[in-house]
Every structure is written in structure tokens, then in C-alpha cells.
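The structure appears below as C-alpha cells.
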Amino acid sequence: MTSDHACMARALELARKGLYSTHPNPRVGCVIVRAGQIVGEGWHARAGEPHAEVHALRQAGDKARGAIAYVTLEPCSHHGRTPPCADALIAAGIVRVVAAMQDPNPQVSGNGLLRLMHAGVAVHSGVLEAEARALNAGFIKRMEQGLPFVRVKLAMSLDGRTAMASGESQWITGPAARAAVQRLRARASVVLTGADTVLADDARLTVRPEELGLGAELTALAVTRPPLRVLVDGRLRVPLTVPFFQAGPAMVATCAAASARDRYLDDGHELLAVPGSSGHVDLRKLLIELAARGANEVLVEAGPRLAGAFTRLGLVDEYQLFVAPKLLGSNARPLLDLPLARMAEAPALKIVEMRAIGDDWRIIAVPQPVA
């Protein structure tokens, strides 16, 4: 195992172990190779704990001197909650560093690689960069645009319906699809829903460890960093007695008048005032606020009105559609509240993955840029 691509592929495999726990930090893996043999491996597990490079260097010990380090993200060059990894690599005697990509964090952004070069370490960047960027799409977007990566999850029947006319929607999909949704929640910084969903479905939007199917190590990490549950309730319609609030601390984003907010008993929950109009929260401003709080990925699990609003505003980065082999009929509720008059108005999507999940299907699609 001596090629740069093979070693970086292993580093990316390690980085993916942090999929459910590194928020707000990026997921990073590191492999140290000497004389064609791996002598150290590491991955970043949680914010505030040692970075991937430190774990790999500890495992390599004296064998790190004269070795090559493969890192999925440029080694940091600044003092945060941990010391700079670039300095640790230099001190260990690493002679070459291969990075998948530069760090989009303005505090690093090439400075880590420069520090290594100035210390006489050979540096190369860009190996499996597309894969590395996909792994940290949320962190990258937050650093570059001040917005989180928005993933909208939708469950529908074969005829494109999400609930019966009465609002009944449990359960459209089967256990395997529901487990996949649990993993989407676990990897998200924020799980966001709307008042309609909470009122109609008694939704809790929690992560249930027994349904993750991740194994003991990753499940233990996932439950120590549960996502922030955010309810968009512009007019404060949802009472504190619903299961959503009983399931634990949550945030309510509202544009209700200050007098209404003053009368709102938070019971340990956070009330976030967001600008809006006609009782509707400004969703872009909400996302900016969430990004400012360190949110990399936002999972939207909402009804057709709120999901449709995210779509109309061009705020969605990825759709995950779970399709059940059922027909709910013409009176059932549509997938999105998206009134369109002409075919030219229809948003174009690119399907990037489609696969069976138990008895259901999962389609992952991303918006296509407007020509």
C-alpha cells in the first residue's frame, strides 16, 4: 500500500468514523506511512479532543520520523482548543505531507501547508479532493458562505403523496428506511421541523440509538452529540405540552411579537427571535444564525409547506426521498407546496444515487444550477 491514492482512501475511511460526532469541527482522518507500511492511523472524534494527526502520531511513535503523513484536510496552523497539528507533524520528523484539500477555514486556508513547507517538509495537496469535500460539505459551506448545508428528507408513496388528507403519515416507509433517517439525524448539527409536523404527527425528531445500526463505538459517540432540534413556529402555535418539547431541550425560531415571546414559558427551551413577515420566519436569516452557532448540516424534516418554502427560496443543497411501495390516492397531501404555472418554472434536479432500502427506495437528488 504505497500509492498516494490508496493511502488517502484509507485516511478518508478513517475520517468517516467521525460522521456522527465531530460537529462543529470537520471530519478528518490521517495515515502515517514509512517505507511503504502504515505505522500510524487516527481520526478526529469530537471537538476539543486531539485531531486525527495527533492520534496517528501517537500510534506511530518514533516510526513517524522520516515518514509520510496523509491527511484528508490541511493540518491546522492556529491555536484553537488544541495546538496546531502542523507543528506536531514537524516536531515528529514527518518529511512529506499529502493533503486531500486545503482547509476552507480562514484561520488556516493554506497557512498550515505553508508552515510545513517553510520547515522543509514536502507538501502536496489535491489527492481525492472531491471525496474529501463531499465528506465535509457542511463545514466547507459554512466557512465559505456563512450558511449550513441543507438536506431535506421526504418520505412519500409511489404516487408522490406524504400523508393522508387527515394528516396521518405514520408509517409510510419501513424499518430499514426509518433507520436510515435516524442516521441522517445523527450526522446533522440541526434537525429542523415546522409547527404543522409537530402538531399533526406528535413528532419528537430525536435520535434513537437502538435504531442507528452503527455498532457500539459509533453509537456511543453519536449519542454524546445529539443534534439541536429546531422548531420553526412563526406565530407560536405549538403548546409546550406536545411530545416534541417533552423529548428534551429544543429551540423555537419565531417572528412573533415581543409581547407574545415574553408570555412564552421556555421550560428549558430556547426561544430565538428571527425576522419575518406575515407570521413566517425568514428562513435564510435563520440558517445564517444557525451557521453562526456552528451548524454544519441542517436536516429538514417538515411538511409540504415548510419543505416547499426551503425549495422556493433556493436554500436546499440535497434532497433525500424515501419512496414506499404504496399508493395514498389523489386526496392525500403532496410532497411539496410548490405552486408552479409553467413547465419552465420546474426546478431541475440531478439524481446522484438511487438504491433499495429494505422494501423502500431512497433517491438522493441535488438541485441543478439555473442555466
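We number each residue from 1, following the sequence as shown. Just the heavy atoms: all of them, side chains too, but no hydrogens, waters or symmetry mates, feed the values below.
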### Partner residues of Ala88 under the side chain to side chain contact (heavy atoms under 4.5 Å, CB included) criterion, sequence neighbours left out
Leu57

#### Entry: Where Leu113 and Ala99 come nearest, the two heavy atoms and their spacing
CD2-CB, 4.4 Å

### Query
Got a sec, which residues hit side chain to side chain contact (heavy atoms under 4.5 Å, CB included) with Ile364, two or more places apart in sequence or on another chain?
Glu318, Gln320, Val352, Glu353, Arg362

### Query
Taking a hydrophobic cluster as the set of Ile, Leu, Val, Met, Phe, Trp and Tyr residues connected by side-chain heavy atoms closer than 4.5 Å, whether directly or through intermediates, do Val28 and Met8 fall within one such cluster?
no

### Within-4.5 Å side-chain heavy-atom neighbours: Ile94 and Ile68
no

### Query
So, do Leu306 and Leu283 sit near enough that their side-chain heavy atoms are less than 4.5 Å apart?
yes

### Task
Could you list the residues that satisfy salt bridge (charged side-chain N to carboxylate O under 4.0 Å, His left out) with Arg305, not counting sequence neighbours?
Asp196

### Query
Rounded to the nearest 0.5 Å, how far does NZ of Lys141 lie from CG of Asn136?
15.0 Å

### Task
Answer yes if Leu192 and Leu335 sit in the same cluster of Ile, Leu, Val, Met, Phe, Trp and Tyr residues linked by side chain heavy atoms under 4.5 Å apart, and no otherwise.
yes

### Summary
Sorted by chain and residue number, the side chain to side chain donor-acceptor pair (under 3.5 Å) partners of Tyr319 (sequence neighbours excluded) come out as Thr311

## Note on the structure
Interatomic distance, CG@Leu14 vs SG@Cys30, rounded to 0.5 Å, equals 8.5 Å

### Task
Could you tell me whether the side chain of Leu328 reaches within less than 4.5 Å of the side chain of Ile172, counting heavy atoms only?
yes

#### Entry: Qualifying side-chain hydrogen bond (donor to acceptor under 3.5 Å, both in side chains) pairs with a residue from residues 277-295, counting only residues at least two apart or across chains
Glu270-Arg293, Glu289-Arg293

#### Entry: Distance under 6.0 Å and angle within 45° of ring axis: Arg142 vs Phe149
no

### Message
Restricting to non-hydrogen atoms, name the atom on Leu89 and the atom on Ala69 that form the minimum distance, rounded to 0.1 Å.
### Response
CD2-CB, 4.0 Å

### Query
Going only through I, L, V, M, F, W and Y residues with side-chain contacts under 4.5 Å, is there a path from Ile288 to Met143?
no

### Query
Is there side-chain contact between Asp317 and Pro148, with at least one heavy-atom pair below 4.5 Å?
no

### Query
In terms of the angle between their ring planes, are His269 and Phe245 parallel, tilted or perpendicular, with boundaries placed at 30° and 60°?
tilted

### Message
I'd like to check the salt bridge (charged side-chain N to carboxylate O under 4.0 Å, His left out) partners of Arg27; sequence neighbours left out, ordered by chain and number.
### Response
Glu297

### Query
With sequence neighbours excluded, what pairs up with Arg96 under the salt bridge (charged side-chain N to carboxylate O under 4.0 Å, His left out) test?
Asp4

### Query
Taking only residues two or more places apart in sequence, or in another chain, which ones meet Ser189 in a side chain to side chain donor-acceptor pair (under 3.5 Å)?
His23

### Message
Going by side-chain contact (heavy atoms from CB on, under 4.5 Å), Leu231 matches just one of Leu236, Val198, Leu272, Val242. Which one?
### Response
Val198

### Query
Under 4.5 Å between any side-chain heavy atoms of Val300 and Thr193, yes or no?
no

### Task
Check each of Asn111, Val123, Asp87 against Leu116 using the side-chain contact (heavy atoms from CB on, under 4.5 Å) test, and report the only one that passes.
Val123

### Query
With side chains defined as the heavy atoms from C-beta onward, is the minimum distance between Val323 and Leu158 less than 4.5 Å?
yes

### Task
Apply side-chain contact (heavy atoms from CB on, under 4.5 Å) to Thr254 and Arg235, showing your working.
CA-CA 7 Å; Thr254 186; Arg235 291 170 286 170; over 6 Å; no

### Side chain to side chain, Asp202 and Pro243, heavy atoms closer than 4.5 Å
yes

## Note on the structure
Distance col, row Leu184:CG vs Gln182:CD, nearest 0.5 angstrom, shows 9.5 Å

### Message
List the residues meeting side chain to side chain donor-acceptor pair (under 3.5 Å) with Asp337, not counting sequence neighbours, and say none if there are none.
### Response
none

### Task
Measure from the side-chain N and O atoms of Arg178 to the backbone N and O of Thr173, and report whether any donor-acceptor pair falls under 3.5 Å.
yes

### Query
Given the rule in the side-chain contact (heavy atoms from CB on, under 4.5 Å) test, do Phe244 and Arg229 qualify, once you have shown the distances and angles that lead to the verdict?
CA-CA 9 Å; Phe244 179 84; Arg229 296 177 306 126; 3.4 Å; yes

### Summary
Glu301 meets the salt bridge (charged side-chain N to carboxylate O under 4.0 Å, His left out) criterion, sequence neighbours left out, with Lys153, Arg185

### Query
When clusters are formed by joining ILVMFWY residues with side-chain heavy atoms under 4.5 Å apart, either directly or through shared neighbours, do Leu114 and Val98 land in the same one?
no

### Query
For the atom pair CZ (Arg183) and CZ (Arg187), what is the distance rounded to the nearest 0.5 Å?
11.5 Å

### Task
Scan residues 216-228 for pairs that pass side-chain hydrogen bond (donor to acceptor under 3.5 Å, both in side chains), counting only residues two or more places apart or in two chains.
Arg46-Thr224

#### Entry: Heavy-atom pair of closest approach, residues Gly294 and Pro24
O-CB, 3.3 Å

### Task
With sequence neighbours excluded, tell me which residues meet side chain to side chain donor-acceptor pair (under 3.5 Å) with Lys17.
none

### hydrophobic_cluster_shared for Val71 and Val33, side chain cutoff 4.5 Å
no

### Message
Using the rule side chain to side chain donor-acceptor pair (under 3.5 Å), only one of Gln59, His55, Arg10 pairs with Glu41; which is it?
### Response
Arg10

#### Entry: Min side-chain heavy-atom separation Leu290-Met251 under 4.5 Å
yes

### Message
Minimum heavy-atom separation for Leu299 and Ala188, please, with both atom names.
### Response
CB-CB, 3.9 Å

